[in-house]
Each structure stands twice: as C-alpha cells, then as structure tokens.
Participant: 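Just dropping this structure here.
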Amino acid sequence: MNKYTGKFFHVVTYGCQMNVHESEKIRGILASLGMLETDEINDATVVVFNTCCIREGAEDKAYSNIAALKKWKAEDDSRVIVMCGCMPQQKEGKYDLKKKLPIVDIIIGTHNINLLGQYLTRLAEKKEKIYEILESPTESMDIGNCIRDDKINAYVNIIYGCNKFCTYCIVPYVRGREKSRPIDEIYKEVKDLVQNQGYKYITLLGQNVNSYGKDLTDKTTFSELLTHLCRIEGDFKIKFMTSHPMDFSDDLIKVMKNEPKVAKTLHLPVQSGSTAILKKMNRHYDIKQYMSIIKKVKRAIPNISLSTDIIVGFPGETDADYLKTLKLMKKVKYDQLFAFMYSKRKGTPAATFDNQVEDYIKTKRVNNLLRLQKIIQKDQLKKCFKKTYNCLIKHINGVAVGITDGGKEIYIPNYQFANQNYFANVKVEDIRNHKLSGVIDE
Ligand code: 5AD
Ligand code: SF4
C-alpha cells in the first residue's frame with residue numbers, strides 16, 4: 001500500500017510512436033503502484049503529460065492543455081500533474097516550464113521516465129516539487145510490464161537516440177546518442193509478445209532503425225536482427241520504423257523480399273525532392289540515391305506499400321525546389337504521405353539559416369502537396385485490381401475484411417468466418433467508390 005494505491009491515473013500523449021510506447025511503459029509503472037487507469041481527468045489523482053517538441057504546434061498544444069488544468073488542480077490538493085518527455089528535455093525550449101507552469105508537480109525529461117514511480121513516492125513523502133532533467137539515460141530504459149494500447153500490434157524499442165543531426169531536427173538534442181538494445185533482449189520480448197500474448201504485428205521502433213547495432217560490440221546489423229526475429233515460431237509479421245535512406249542496405253531489401261514474416265511496407269522519409277535542400281538539411285543523400293533505393297525496393301517487392309515524410313518551407317526552399325518535391329511524389333507514388341510545414345526549433349542549425357520561408361507560403365505548399373497526394377492515392381487504389389495481398393483477416397461490423405501490411409482494407413463479402421486475426425491471401429476483385437473488395441485466394 002502507498003498513497004497512490006487504488007487511485008486513478010490518466011496519461012496524455014503527444015508525438016510519435018516512440019512516445020506512444022513510452023506512455024505504455026508509464027501506464028505500467030503507475031499500475032505497479034496499485035493505480036487504475038481512467039479516461040476521465042476529473043476522476044484522476046495523477047495526470048501525466050508525455051510531451052513532444054518536434055514542431056511548435058505540438059509544444060503549444062501540450063502547454064495550453066496543461067495550463068488549462070489550473071482550476072482542476074486547485075480543487076483538490078492531492079492531485080498531481082507530471083510533465084515528461086521531449087519538451088522538458090530541451091535546453092533552449094520556448095517555455096521556462098518551471099516558471100510558466102507552476103501547477104506541475106513533477107517535471108522530468110526523456111532519460112528518467114523509468115524512475116517515475118520513485119519520483120511519485122518522493123513527492124508523496126516530501127511534498128516538494130521535483131524537477132529532474134538528466135543528460136543521459138540512467139540505466140536500462142526497458143521497463144517490464146508495460147500496458148499496451150493495442151492488442152494486435154505491439155511496439156518494441158530496438159534503438160534509442162539519433163546521431164544524424166539533420167539541421168532542422170531537435171530529436172538528437174532531446175533523445176541523445178544512438179544506443180541499441182542487445183539482440184537477446186529484443187528476441188525475448190518479441191517471442192513473449194507473439195507466443196504468450198498473441199500479438200500479430202510487432203513494430204520495431206527507433207529514430208533510425210538502420211543504425212541498429214553500430215554501437216554494439218558484436219556489430220549485429222539491422223538485417224541480421226530482422227532475420228533472427230523471423231526465426232521465432234508463430235503467425236505474426238514484423239514492421240519497422242523509421243528508416244534513414246543513408247543507411248538503407250541492399251541486404252535489408254533482400255531480407256524484406258525473402259522473409260514472409262517481414263511486412264511488405266516501408267516508411268522511407270525523403271524530406272525534400274530537391275538535392276540542394278537535402279544538402280542544407282544534412283541528409284547525406286541526393287535524389288538520385290534515394291530514387292535508386294526506391295527502384296530496387298519496388299523491383300524486389302512489387303506489392304510494397306510506401307510512405308514518406310516531407311517538410312515544406314525549409315529555409316531557402318524556392319518554388320523550383322518545391323516543384324522538385326511534387327515531381328518526386330509523382331514518380332514514387334507513395335501510398336501514404338506525412339507532410340509538415342518547417343517549424344523553427346531553437347538550438348538547431350536551421351533555425352539560424354537565412355531566407356526563412358513565410359508562413360503563408362508554407363501553408364500554400366503543404367495544402368498543394370496534400371491535394372496531389374489525394375490524387376496519387378486514388379490512382380494507387382486502381383493498381384490493386386487483380387492483385388493478391390497477404391492480409392490480417394478481421395471482422396468489421398460483421399463483415400470479413402483483409403487488412404494489408406500497408407493498412408488498406410479489402411472487404412470480403414459473403415465470406416463465412418468463424419474466427420479472426422489470422423493471415424490469409426486476399427485477391428482484389430472489385431474497386432468501387434474508393435473501396436476494395438475481394439476473395440480469399442488460397
Ligand atoms: N519542422 C517540421 N517537421 C519536422 N520534422 C522533424 N523536425 C521538423 C521540423 N523542425 C519531421 C520530419 C521527420 C518527422 C518525424 O517530423 O519530416 O521525419
Ligand atoms: Fe531527426 Fe534526422 Fe534523426 Fe530523423 S534522422 S530523428 S529527422 S535528426
């Protein structure tokens with residue numbers, strides 16, 4: 001028993017899959033204190049904000065949502081607000097959090113989330129606010145017993161941090177240097193998720209998964225890790241994100257092609273279609289090299305589903321640079337696009353670059369990009385006709401639906417099903433109103 005046993009907690013998450021997974025770990029820590037989860041902030045004693053600082057919008061949202069709890073906090077002095085993750089970890093953040101958010105009781109960064117239980121106990125005993133930002137991880141960040149959001153897809157960290165220092169990006173400053181998890185630890189976790197907990201998809205997480213193993217003494221590569229994980233017995237598939245084009249190897253393409261357990265989907269951020277801009281971004285590849293990877297991947301895996309990240313309005317981006325990005329999109333034909341307006345991050349090199357692009361131009365460019373992507377996506381659907389995809393079979397409103405590795409839904413009318421959540425081949429037989437339907441293809 002402790003002060004928190006039997007009380008409720010609520011976790012609010014901003015940002016990427018890494019943060020989503022970290023929040024699953026936070027929920028595990030809070031449950032181990034005997035706490036219960038609630039969707040209702042009003043019922044909660046502890047509210048945790050796991051924050052993101054990749055763009056200004058994410059920061060502003062977290063800041064205003066925390067500030068809005070002033071009245072909630074004043075109503076009951078046993079209530080606790082925790083702020084953790086990337087926002088507090090920034091050295092040169094926009095907000096002086098301690099001063100600007102006096103209602104927060106515990107402010108910690110990205111390197112000590114695993115110690116949250118200890119901080120809460122200290123708060124209960126000493127009744128003193130806690131502000132602790134560490135320079136590097138204390139010990140293993142891997143906490144057992146995380147409480148996962150999803151019952152089908154499980155996130156598994158394979159590498160923390162980033163050494164790439166793209167000039168626009170704050171991540172290397174808040175997440176530290178690359179640190180790979182030992183292969184045996186990952187293997188054990190995946191095996192348990194698949195064989196004891198019934199997970200169908202394992203998504204391996206890292207800022208740059210292709211750097212996996214470079215810091216390990218045995219120098220295991222990412223392709224070797226993937227191959228090793230595919231030897232685990234069971235009906236499951238592996239996805240991974242995010243890949244950096246610079247480290248993307250031919251070996252990896254081979255593994256993706258040859259291993260049925262590797263999902264046929266790839267997120268390969270390009271960021272810009274202009275080689276000049278890529279150089280200023282410090283991305284270490286040009287468009288020719290990027291296109292060469294895309295061509296090789298498409299040749300090896302014709303049904304692959306591709307997605308990317310693009311930033312518009314990077315300092316110095318001209319109309320001509322921007323048109324090159326549109327041209328690239330038309331060439332690659334991504335199934336999914338994540339488009340962002342460049343957001344100045346204090347402390348990163350690009351924040352001091354000349355020729356910052358005006359907001360109205362960024363807005364125009366991003367809207368245009370999304371419009372083009374819609375057209376491409378419709379076109380991509382047509383290409384599915386008569387093709388066969390290995391899908392996860394699910395029931396949606398009583399109808400069987402095959403979900404492709406890339407997330408497309410293929411309705412399977414008149415299919416008699418007894419169970420769900422297994423893999424089967426589905427052939428697309430019809431496309432109507434942007435909806436795919438098909439049959440099981442044995
Ligand atoms: N402004 C806009 N987008 C950014 N990203 C990273 N930093 C910034 C920034 N300062 C985007 C990149 C990255 C994705 C996760 O977020 O496209 O791939
Ligand atoms: Fe940021 Fe570049 Fe590292 Fe990705 S690879 S996290 S964009 S610095």
Side-chain angles (χ1 to χ4, degrees), residues 1-15 18-53 59 61-90 93 95-149 157 174:
M1 281 285 276
N2 60 63
K3 191 188 165 219
Y4 302 100
T5 308
K7 304 270 172 63
F8 288 94
F9 71 84
H10 181 80
V11 182
V12 185
T13 310
Y14 304 91
M18 204 73 106
N19 269 18
V20 170
H21 185 36
E22 246 146 40
S23 287
E24 293 175 338
K25 296 180 184 178
I26 290 170
R27 289 156 77 200
I29 294 174
L30 298 175
S32 73
L33 292 177
M35 299 195 76
L36 306 160
E37 188 162 17
T38 176
D39 284 339
E40 258 305 314
I41 286 195
N42 278 329
D43 296 338
T45 299
V46 175
V47 178
V48 180
F49 288 88
N50 189 11
T51 62
C52 165
C53 62
E59 276 194 302
K61 217 156 75 195
Y63 181 80
S64 61
N65 288 345
I66 296 172
L69 288 189
K70 196 170 168 191
K71 193 165 156 257
W72 173 87
K73 172 86 176 151
E75 278 167 5
D76 180 346
D77 67 359
S78 72
R79 286 175 169 169
V80 175
I81 301 178
V82 179
M83 185 179 193
C84 63
C86 296
M87 254 175 104
Q89 193 71 40
Q90 276 183 97
Y95 304 109
D96 179 353
L97 297 173
K98 242 194 315 189
K99 254 198 209 142
K100 288 261 173 99
L101 289 173
I103 58 167
V104 178
D105 302 280
I106 299 178
I107 299 183
I108 55 177
T110 51
H111 296 313
N112 47 350
I113 285 173
N114 51 329
L115 303 179
L116 180 59
Q118 293 173 31
Y119 292 135
L120 280 166
T121 310
R122 200 163 100 196
L123 179 77
E125 282 166 4
K126 296 202 175 154
K127 308 231 172 330
E128 263 174 18
K129 285 187 189 276
I130 294 167
Y131 180 86
E132 210 156 288
I133 314 296
L134 305 183
E135 285 295 316
S136 51
T138 32
E139 48 191 85
S140 168
M141 283 283 287
D142 305 307
I143 307 150
N145 302 329
C146 62
I147 299 179
R148 293 174 191 273
D149 271 330
N157 288 120
V174 293

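Side chains included, hydrogens not; waters and symmetry mates left out as well; all remaining heavy atoms used.
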Participant: With a 4.5 Å heavy-atom cut-off, do L123 and E128 have their side chains touching?
Facilitator: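 Contact flag for L123/E128 side chains = no.
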Participant: Looking at M87 and A62, what are the two nearest heavy atoms and their distance?
Facilitator: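 M87 and A62 have their closest heavy atoms at SD-CB, 3.9 Å.
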Participant: Step by step, work out the side chain to side chain donor-acceptor pair (under 3.5 Å) result for N2 and K7.
Facilitator: CA-CA 10 Å; N2 60 63; K7 304 270 172 63; over 6 Å; no
Participant: Just wondering, do Y14 and E59 contact through their side chains at under 4.5 Å, heavy atoms?
Facilitator: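 Result no, sub-4.5 Å side-chain heavy-atom pair not found.
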Participant: Starting from the C-alpha separation in whole Å, work towards a yes-or-no answer on side-chain contact (heavy atoms from CB on, under 4.5 Å) for K3 and E125.
Facilitator: CA-CA 9 Å; K3 191 188 165 219; E125 282 166 4; over 6 Å; no
Participant: If you measure from the Lys or Arg side-chain nitrogens to the Asp or Glu carboxylate oxygens, is any gap between D105 and R79 under 4.0 Å?
Facilitator: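 No, D105 and R79 are not salt-bridged.
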Participant: Could you tell me whether K126 atom NZ has more than 12 heavy atoms of other residues or ligands within 6.0 Å of it?
Facilitator: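 No, the 6.0 Å shell around NZ holds no more than 12 heavy atoms from other groups.
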Participant: Give, for atom CD of Q90 and atom CD1 of I133, the distance between the pair rounded to the nearest 0.5 Å.
Facilitator: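 Those atoms lie 10.5 Å apart.
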Participant: If you define the side chain from C-beta out and look only at heavy atoms, does anything of K98 sit under 4.5 Å from K129?
Facilitator: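 K98 vs K129: side chains apart.
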Participant: Please say which of N112, I107, I106 ends up in a side-chain contact (heavy atoms from CB on, under 4.5 Å) with E132.
Facilitator: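 Between E132 and the candidates, side-chain contact (heavy atoms from CB on, under 4.5 Å) is satisfied uniquely by N112.
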Participant: Can you tell me how far NZ of K25 sits from NE2 of H21, rounded to the nearest 0.5 angstrom?
Facilitator: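 Reported to 0.5 Å precision, the distance equals 4.5 Å.
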Participant: Between the main-chain N or O of A44 and the side-chain N or O of H10, is there a donor-acceptor pair closer than 3.5 Å?
Facilitator: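 Answer holds: no.
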Participant: Looking at E75, I want to see if its CD is surrounded by more than 12 non-hydrogen atoms of other residues, nucleotides or ligands under 6.0 Å.
Facilitator: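 Atom CD in E75 is packed in, count exceeds 12.
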Participant: Give a yes or no on whether the backbone of A124 and the side-chain of K127 come within a donor-acceptor separation of less than 3.5 Å.
Facilitator: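 Yes; at least one donor-acceptor contact below 3.5 Å.
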Participant: Please answer whether the main-chain N or O of G85 pairs with a side-chain N or O of N19 as donor and acceptor at a distance below 3.5 Å.
Facilitator: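 No, N19 side chain to G85 backbone: no donor-acceptor pair under 3.5 Å.
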Participant: Take atom CG of D77 as the centre, draw a 6.0 Å sphere, and report whether it contains more than 12 heavy atoms from other residues, nucleotides or ligands.
Facilitator: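 Incorrect, the count does not exceed 12.
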Participant: Would you indicate whether the side-chain heavy atoms of N114 and L116 approach each other to under 4.5 Å?
Facilitator: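 A side-chain contact is absent here, since even the closest heavy-atom pair is not under 4.5 Å.
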Participant: Take L97 and V104, measure what side-chain contact (heavy atoms from CB on, under 4.5 Å) needs, and give me the verdict at the end.
Facilitator: CA-CA 9 Å; L97 297 173; V104 178; over 6 Å; no
Participant: Is T110 reaching over with its side chain to a backbone N or O of V174, donor-acceptor style, under 3.5 angstrom?
Facilitator: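 Checking the backbone N and O of V174 against the side chain of T110, a donor-acceptor pair under 3.5 Å is found.
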Participant: Mind listing the closest non-hydrogen atom pair of W72 and V80 along with its distance?
Facilitator: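 Taking every non-hydrogen atom into account, CH2-O, 4.2 Å.
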Participant: With distance as the sole test, does N50 use its side chain to make a donor-acceptor pair with the main-chain N or O of V12 at under 3.5 Å?
Facilitator: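 Checked: no pair found.
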Participant: Is there a side-chain contact (heavy atoms from CB on, under 4.5 Å) between T45 and F9 once you walk through the steps?
Facilitator: CA-CA 6 Å; T45 299; F9 71 84; over 6 Å; no
Participant: Under the 3.5 angstrom rule, does the side chain of K70 hit a backbone N or O of I103 as a donor-acceptor pair?
Facilitator: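 Such a contact is absent between K70 side chain and I103 backbone.
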Participant: With a cut-off of 6.0 Å (strictly less than), are more than 12 heavy atoms of other residues, nucleotides or ligands near CG of D96?
Facilitator: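 Above 12, so yes.
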Participant: Counting distance only, does the side-chain N/O of T51 pair as donor-acceptor with the main-chain N or O of C84 below 3.5 Å?
Facilitator: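 Yes.
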Participant: So, for Y4 and L120, which heavy atoms are closest and what is the spacing to 0.1 Å?
Facilitator: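 Of all heavy-atom pairs spanning Y4 and L120, the closest is OH-O, 2.7 Å.
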Participant: Give the intermediate values and the outcome of side-chain contact (heavy atoms from CB on, under 4.5 Å) for residues I41 and L69.
Facilitator: CA-CA 9 Å; I41 286 195; L69 288 189; 4.1 Å; yes
Participant: Measuring from atom SG of C52 to atom CE of M18, what distance do you get when rounded to the nearest 0.5 angstrom?
Facilitator: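 Answer rounded to 0.5 Å: 12.0 Å.
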Participant: To check you understand the geometry: which heavy-atom pair defines the closest contact between G6 and L36, and what is its length?
Facilitator: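 That closest heavy-atom pairing would be O-CD1, 4.0 Å.
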Participant: If you take all heavy atoms of R27 and D149, which pair is closest and at what distance?
Facilitator: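 Looking at all heavy atoms of both residues, the closest pair is NH1-OD1, 2.5 Å.
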Participant: What is the minimum heavy-atom distance between I29 and I113, and which atoms define it?
Facilitator: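 I29 and I113 have their closest heavy atoms at CD1-O, 3.4 Å.
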Participant: Using side-chain heavy atoms (C-beta onward) and a distance below 4.5 Å, is F49 in contact with V82?
Facilitator: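 No, their side chains stay 4.5 Å or more apart.
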Participant: Does atom NZ of K61 have more than 12 heavy-atom neighbours, drawn from other residues, nucleotides or ligands, at distances under 6.0 Å?
Facilitator: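 No - once you tally the heavy atoms of other residues, nucleotides and ligands closer than 6.0 Å, there are 12 at most.
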